[in-house]
Amino acid sequence: MKRVVIKVGSHVLSDESSINQNRIDNLCKFLSELSDKFEVILVSSGAISAGQTKFNLPRTSVVNKQILSSLGQPYLMEIYSKTLSKYNKLAAQILLTAGDFDSRKITNHAKNVINGLLENKILPIINENDATGISEIVYGDNDRLSSAVAHYFDADLLVILSDIDGYYTADPSLDKSATIRPLVTVLSDEELNKTSYTGSKHGTGGITTKLLAADFLMKKGKDMFLASGFDLKVAREFLLNSNQIGGTIFKGKR
Ligand code: ADP
């Protein structure tokens with residue numbers, strides 16, 4: 001059975017000051033459909049946003065974001081557990097930091113747990129452990145963590161469900177004539193080093209961290225698909241019917 005990692009950005013899960021239950025419902029239904037065909041691992045952002053719905057602390061410092069994340073993480077898991085139970089699915093939480101992948105021993109421990117969860121048809125939900133690692137908070141929204149998860153836990157594909165529905169020829173919020181690039185086989189240094197790409201208010205990654213995630217996987221011979229997390233039609237069609245009707249596929253070298 002093929003293994004896929006689905007990564008969902010915080011902007012998809014939350015609005016200004018609340019969790020968007022409707023989108024979480026759609027996501028959980030989709031995850032349950034996928035798990036009939038694939039082994040599915042979810043990488044979910046959203047702990048800081050979930051924390052902010054419980055307690056009014058400004059996101060003005062790293063430590064405040066860590067506080068909000070530790071407050072919001074169990075709440076986020078509660079929402080996932082409740083919603084997934086409608087589809088008879090159990091969810092388990094795994095918190096990792098990017099640095100965990102530097103140790104083969106730690107990576108193997110986590111991989112054993114992931115394999116065991118998947119064998120038992122339990123959905124592993126991974127987030128960065130924000131209390132000890134701050135790369136998500138500082139660099140961006142789990143995009144790169146999800147590429148490490150896909151590679152080190154032997155997935156065939158990473159799917160990033162974002163507030164943006166693909167990789168455009170230019171920033172679509174600035175250039176209305178920009179179009180989606182359906183297929184990308186190579187990313188230039190210039191594309192990977194652009195720092196002007198800001199991303200949204202809730203999300204922190206912007207497009208650059210998604211491109212870095214794609215580049216990492218492409219160089220390992222793996223693929224990444226970027227599609228909208230607001231409307232799951234494109235991702236559903238791609239994964240369940242092998243039909244690309246939108247989004248961007250970043251194809252790795254074989
Ligand atoms: P998420 O919250 O889903 O992780 P972000 O909001 O952090 O996503 O990043 C996506 C944003 O990156 C888009 O909303 C868009 O404004 C911006 N962006 C800049 N350049 C591009 C591009 N070439 N293609 C797509 N999006 C781009």
Side-chain angles (χ1 to χ4, degrees), residues 5-20 23-24 26-27 30 42-53 59 65 68-69 72 76 98 125-128 130 134-150 158-218 224-235 246-250:
V5 175
I6 307 287
K7 183 261 165 176
V8 63
S10 41
H11 202 70
V12 173
L13 304 172
S14 57
D15 297 318
E16 277 298 301
S17 57
S18 59
I19 291 290
N20 189 312
R23 287 204 287 269
I24 293 189
N26 291 338
L27 174 68
F30 180 47
L42 179 67
V43 175
S44 178
S45 302
I48 297 175
S49 300
Q52 231 169 5
T53 68
R59 301 180 186 208
K65 290 181 191 173
L68 288 167
S69 174
L76 188 65
I125 301 184
I126 298 176
N127 191 9
E128 184 174 70
D130 288 331
I134 54 166
S135 58
E136 179 199 356
I137 288 174
V138 177
Y139 304 114
D141 222 29
N142 277 335
D143 290 325
R144 280 177 299 168
L145 182 76
S146 64
S147 65
V149 165
L158 167 65
V159 176
I160 293 193
L161 299 176
S162 173
D163 68 340
I164 194 77
D165 54 355
Y167 177 39
Y168 282 74
T169 48
D171 185 342
S173 61
L174 304 174
D175 182 350
K176 296 294 163 218
S177 67
T179 52
I180 291 185
R181 297 174 60 184
L183 170 68
V184 172
T185 52
V186 68
L187 288 162
S188 67
D189 287 348
E190 195 201 335
E191 287 169 289
L192 295 170
N193 291 328
K194 259 195 186 137
T195 46
S196 56
Y197 289 160
T198 42
S200 56
K201 207 161 148 206
H202 281 252
T204 46
I207 198 69
T208 305
T209 50
K210 290 165 186 60
L211 298 183
L212 289 168
D215 186 60
F216 173 80
L217 288 173
M218 284 157 78
M224 186 183 109
F225 187 58
L226 173 63
S228 170
F230 294 138
D231 179 355
L232 299 175
K233 197 168 66 205
V234 168
T248 302
I249 179 80
F250 296 88

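Whatever order the structure lists ligands and atoms in, that order sets their numbers, starting from 1.
- Less than 4.0 angstrom separates some heavy atom of Ser173 from each of these atoms of ligand 1: 16 (O).
- Atoms of ligand 1 found under 4.0 Å from any heavy atom of Ala170, numbered from 1 in the order shown, are 22 (C), 23 (N).
- Around atom 5 (P) of ligand 1, the closest heavy atom drawn from Asp163, Leu226, Ile207, Leu161 belongs to Asp163.
- Distances below 4.0 Å separate heavy atoms of Pro172 from the following atoms of ligand 1: 21 (C), 22 (C), 24 (N), 25 (C), 26 (N), 27 (C).
- Side-chain polar atoms of Asn142 and Ser45 form a donor-acceptor pair below 3.5 angstrom.
- With a heavy-atom cut-off of 4.0 Å, Ala178 does not touch ligand 1 at all.
- Distances from ligand 1 to the non-hydrogen atoms of Lys7 include at least one value under 4.0 Å.
- Set against the non-hydrogen atoms of His11, the atoms of ligand 1 under 4.0 Å away are 2 (O).
- In this comparison of Ser14, Ser45, Gly206, Gly229, the heavy atom closest to atom 9 (O) of ligand 1 sits on Gly206.
- At a 4.0 Å heavy-atom cut-off, ligand 1 touches Ile164 through the side chain alone.
- Under the rule for a side-chain hydrogen bond (donor to acceptor under 3.5 Å, both in side chains), Asp231 has no partner lying at least two apart in sequence or in another chain.
- Every residue meeting the ring-ring contact (aromatic ring centres under 6.0 Å, His included) condition with Phe216, not counting sequence neighbours, appears here in chain and number order: His151.
- Using a 4.0 Å cut-off between a side-chain N of Lys or Arg and a carboxylate O of Asp or Glu, Lys210 and Asp215 do not qualify as a salt bridge.
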Practice task
Determine, step by step, whether Ser188 and Glu191 satisfy the side chain to side chain donor-acceptor pair (under 3.5 Å) criterion, reporting the C-alpha distance in whole Å, the side-chain angles of both residues, the deciding distance to 0.1 Å, and the verdict.
Solution key: CA-CA 5 Å; Ser188 67; Glu191 287 169 289; 3.1 Å; yes
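- Between Tyr168 and ligand 1, a contact under 3.5 Å exists for at least one N or O pair.
- Of the N or O atoms in Lys210, one or more lie within a sub-3.5 Å distance of an N or O in ligand 1.
- Atom numbering of ligand 1 starts at 1 in the shown order; those under 4.0 Å from a heavy atom of Gly166 are 24 (N), 25 (C).
- Lys7 pairs with exactly one of Asp143, Leu145, Leu226 by the side chain to side chain contact (heavy atoms under 4.5 Å, CB included) rule, that one being Asp143.
- Using a 4.0 Å cut-off between charged side-chain N and carboxylate O, Lys65 and Glu128 make no salt bridge.
- Shortest non-hydrogen contact noted between Leu161 and Ser228 is CD2-O, 3.7 Å.
- The closest side-chain donor-acceptor pair between Asp130 and Ser69 falls under 3.5 angstrom.
- Heavy atoms from both the backbone and the side chain of Ser162 come within less than 4.0 Å of ligand 1.
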